[in-house]
Enquirer: 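This is the structure I have questions about; it appears just below.
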2 protein chains.
Amino acid sequence: MEKPDKSNHSQCTGIIRPVQDALDVLNGKWKLPIIVALLHGYKRFSEISRQVPGITDRMLSKELRDLELNQLVKRKVYDTFPVTVEYTMTPYGETLKDVISALHIWGEKHRQKIFGADLVNEPVDKSNLG
Amino acid sequence: MEKPDKSNHSQCTGIIRPVQDALDVLNGKWKLPIIVALLHGYKRFSEISRQVPGITDRMLSKELRDLELNQLVKRKVYDTFPVTVEYTMTPYGETLKDVISALHIWGEKHRQKIFGADLVNEPVDKSNLG
DNA sequence: CCGCATCCTGTATGATACTG
DNA sequence: CAGTATCATACAGGATGCGG
């Protein structure tokens with residue numbers, strides 16, 4: 001039983017970066033609800049806004065731009081008046097479903113582990129945990 | 001006539017919460033590196049600290065406490081002098097491997113999509129994306 | 001309708017010094 | 001060794017109002 005890779009091996013640290021990248025894509029208060037709205041077929045700015053209760057125009061605009069930069073979302077402007085904008089998930093964006101699904105499965109078990117099964121509908125409040 | 005599911009259906013929004021819970025568990029700058037260090041068998045506070053370059057004692061302490069509250073990590077104090085503390089992943093904590101694996105796979109593809117394949121070793125810098 | 005500019009606040013994190 | 005206390009800061013996000 002040697003101490004195999006107990007040194008500071010940067011190739012092990014190397015697994016961290018892509019994982020963090022994936023997390024970053026979903027990070028923040030609004031990315032996920034927006035993605036879910038888009039996956040459910042909502043396309044217009046105001047439509048998405050309605051599906052994501054509480055979000056401000058500023059944040060929605062910012063997050064959509066971010067998702068677009070990551071090529072998860074396609075933005076199409078129609079030359080109407082007033083202007084019409086359509087946001088859609090790219091095929092690549094759809095590949096997020098698998099990741100979200102994995103997170104979903106684990107997250108539900110977590111919820112049931114941390115809280116009672118009958119509290120599954122309660123929002124997580126970490127201040128109760130201690 | 002029903003508006004099919006184009007209303008504000010809270011059961012669809014319901015998938016968001018557990019996913020967000022899972023994300024929260026991994027959220028922040030340090031959770032993931034710490035978890036990886038623990039999964040690789042590093043147990044002592046200072047050991048973990050060494051494996052997570054740049055982290056301060058304050059953050060390591062805080063994040064370990066957070067992971068412990070989420071029952072991902074077990075903390076055991078040995079009555080030596082000076083005191084010795086051992087952190088280990090719980091069996092439950094190990095279940096995170098699957099989630100991290102899913103994130104890893106997606107994250108690597110993402111990295112190759114956003115950057116060239118030869119830039120895979122570069123850290124993500126979103127300011128370059130625009 | 002679809003945003004952007006501005007200002008403001010809270011939270012996450014960093015720096016540093018100290019203790020059992 | 002394994003932390004805590006205190007102060008400082010940057011950035012995410014909220015509120016509000018304007019503009020093509």
Side-chain angles (χ1 to χ4, degrees), chain A residues 16 20 23-35 37-38 42-70 73-88 123-130, chain B residues 16 20 23-35 37-38 42-70 73-88 123-130:
Chain A
I16 293 177
Q20 199 74 59
L23 287 172
D24 288 348
V25 162
L26 299 174
N27 211 0
K29 189 173 176 178
W30 303 111
K31 296 268 170 57
L32 188 63
I34 292 171
I35 289 171
L38 287 165
Y42 297 96
K43 299 179 175 184
R44 304 281 300 274
F45 189 89
S46 50
E47 230 177 0
I48 302 166
S49 181
R50 252 174 282 120
Q51 282 304 307
V52 183
I55 196 170
T56 60
D57 286 354
R58 190 177 90 92
M59 287 311 292
L60 181 53
S61 172
K62 176 180 174 296
E63 299 293 59
L64 283 170
R65 213 179 312 133
D66 204 355
L67 294 171
E68 196 189 356
L69 286 177
N70 277 318
V73 166
K74 175 110 176 295
R75 179 177 187 269
K76 188 168 182 188
V77 183
Y78 292 94
D79 194 11
T80 57
F81 183 81
V83 69
T84 306
V85 182
E86 193 180 276
Y87 293 93
T88 49
V124 169
D125 180 355
K126 282 166 183 162
S127 61
N128 292 336
L129 289 179
Chain B
I16 293 178
Q20 199 75 58
L23 287 172
D24 288 348
V25 161
L26 299 174
N27 211 0
K29 189 173 177 180
W30 302 112
K31 295 269 170 58
L32 188 63
I34 292 171
I35 289 170
L38 287 165
Y42 298 96
K43 298 179 176 183
R44 304 282 298 277
F45 188 90
S46 50
E47 230 178 0
I48 301 166
S49 180
R50 251 174 281 121
Q51 283 304 307
V52 183
I55 196 169
T56 60
D57 287 353
R58 190 176 89 89
M59 286 311 292
L60 180 53
S61 172
K62 176 182 174 299
E63 299 293 59
L64 283 171
R65 212 178 315 135
D66 205 355
L67 294 171
E68 196 191 355
L69 286 178
N70 277 317
V73 166
K74 175 108 176 296
R75 180 179 187 267
K76 188 168 183 186
V77 182
Y78 290 94
D79 193 11
T80 58
F81 183 82
V83 67
T84 306
V85 181
E86 193 180 278
Y87 292 94
T88 50
V124 168
D125 180 357
K126 282 165 181 163
S127 61
N128 292 336
L129 288 178

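Numbered from 1 within each chain, the chains take letters A, B, ... in sequence-line order. Nothing here was measured: the structure is a model prediction, and the numbers come from that model.
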Enquirer: Tell me: CD of A/Glu68 to P of C/dG3, nearest whole Å?
Expert: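 After rounding, the gap between these two atoms is 10 Å.
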
Enquirer: Mind checking side chain to side chain contact (heavy atoms under 4.5 Å, CB included) for B/Lys74 and listing every partner two or more places apart, or none if nothing turns up?
Expert: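 Side chain to side chain contact (heavy atoms under 4.5 Å, CB included) check on B/Lys74 returns B/Thr88, B/Thr90.
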
Enquirer: With heavy atoms of chain B within less than 4.0 Å as the criterion, where does contact along DNA chain D begin and end?
Expert: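 Range of nucleotides within reach of chain B: D/dC1 to D/dT6.
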
Enquirer: Whole-Å distance between C/dC2 P and A/Leu60 CG?
Expert: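 Checked: the CG to P distance equals 10 Å.
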
Enquirer: Provide the closest heavy-atom pair for B/Leu26 versus B/Lys31 in the form atom of the first, atom of the second, distance.
Expert: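 Nearest pair, atom of B/Leu26 first, then B/Lys31: O-CB, 3.7 Å.
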
Enquirer: Counting only heavy atoms and a strict 4.0 angstrom limit, can you tell me which residues of residues 79-87 of chain A come near DNA chain C?
Expert: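 Per residue number, the list reads A/Pro82, A/Val83, A/Val85, A/Tyr87.
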
Enquirer: Based on the rotation axes of five pairs at each end, what angle does the helix from C/dC1-D/dG20 to C/dG20-D/dC1 bend through, to 10°?
Expert: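 Inter-axis angle at the ends, rounded: 50°.
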
Enquirer: Generate the contact string for nucleotides 5-17 of chain C. Rules: B means base contact, S means sugar-phosphate contact only, - means no protein heavy atom under 4.0 Å.
Expert: BB------BBB--

Enquirer: Please identify each residue that fulfils salt bridge (Lys or Arg N to Asp or Glu O under 4.0 Å) with B/Glu68, with sequence neighbours left out.
Expert: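 If we apply the salt bridge (Lys or Arg N to Asp or Glu O under 4.0 Å) test to B/Glu68, skipping adjacent residues, there are no hits.
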
Enquirer: Are B/Ile34 and B/Val73 close enough that some pair of their side-chain heavy atoms sits under 4.5 Å apart?
Expert: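 The answer is no, as the side chains (C-beta and beyond) never meet within the 4.5 Å cut-off.
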
Enquirer: If you compare all heavy atoms of B/Trp30 against all heavy atoms of B/Val52, which two are closest, and at what distance to 0.1 Å?
Expert: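 Looking at all heavy atoms of both residues, the shortest contact is CE3-CG1, 3.4 Å.
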
Enquirer: Excluding sequence neighbours, so at least two apart, what forms side chain to side chain contact (heavy atoms under 4.5 Å, CB included) with A/Tyr78?
Expert: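 For A/Tyr78 the side chain to side chain contact (heavy atoms under 4.5 Å, CB included) partners, ignoring immediate neighbours, are A/Lys76, A/Thr80, A/Thr84, A/Glu86.
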
Enquirer: Rounded to the nearest 0.5 Å, how far does CD1 of B/Ile16 lie from CG of B/Leu23?
Expert: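 Going from the CG atom of B/Leu23 to the CD1 atom of B/Ile16 covers 11.0 Å.
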
Enquirer: Rounded to the nearest 0.5 Å, what's the gap from NZ on B/Lys43 to OH on B/Tyr87? Could you check?
Expert: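 Reported value, rounded in 0.5 Å steps: 14.0 Å.
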
Enquirer: Got a list of side-chain donor-acceptor pairs under 3.5 Å for residues 56-64 of chain B, not counting sequence neighbours?
Expert:
{"unit_1": "B/Thr56", "atom_1": "OG1", "unit_2": "B/Met59", "atom_2": "N", "d": "3.2"}
{"unit_1": "B/Ser61", "atom_1": "OG", "unit_2": "B/Arg65", "atom_2": "NH2", "d": "3.1"}

Enquirer: Which residues satisfy the side chain to side chain donor-acceptor pair (under 3.5 Å) test with A/Arg44, sequence neighbours excluded?
Expert: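 Expected list: none.
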
Enquirer: For a quick test of reading the model, state the closest non-hydrogen atom pair linking A/Pro33 to B/Gln20 and the distance between them.
Expert: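 A/Pro33 and B/Gln20 have their closest heavy atoms at CD-OE1, 4.4 Å.
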
Enquirer: For B/Ala37 and B/Ile48, work out which heavy atoms get closest and say how close.
Expert: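 That would be CB-CG2, 4.3 Å.
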
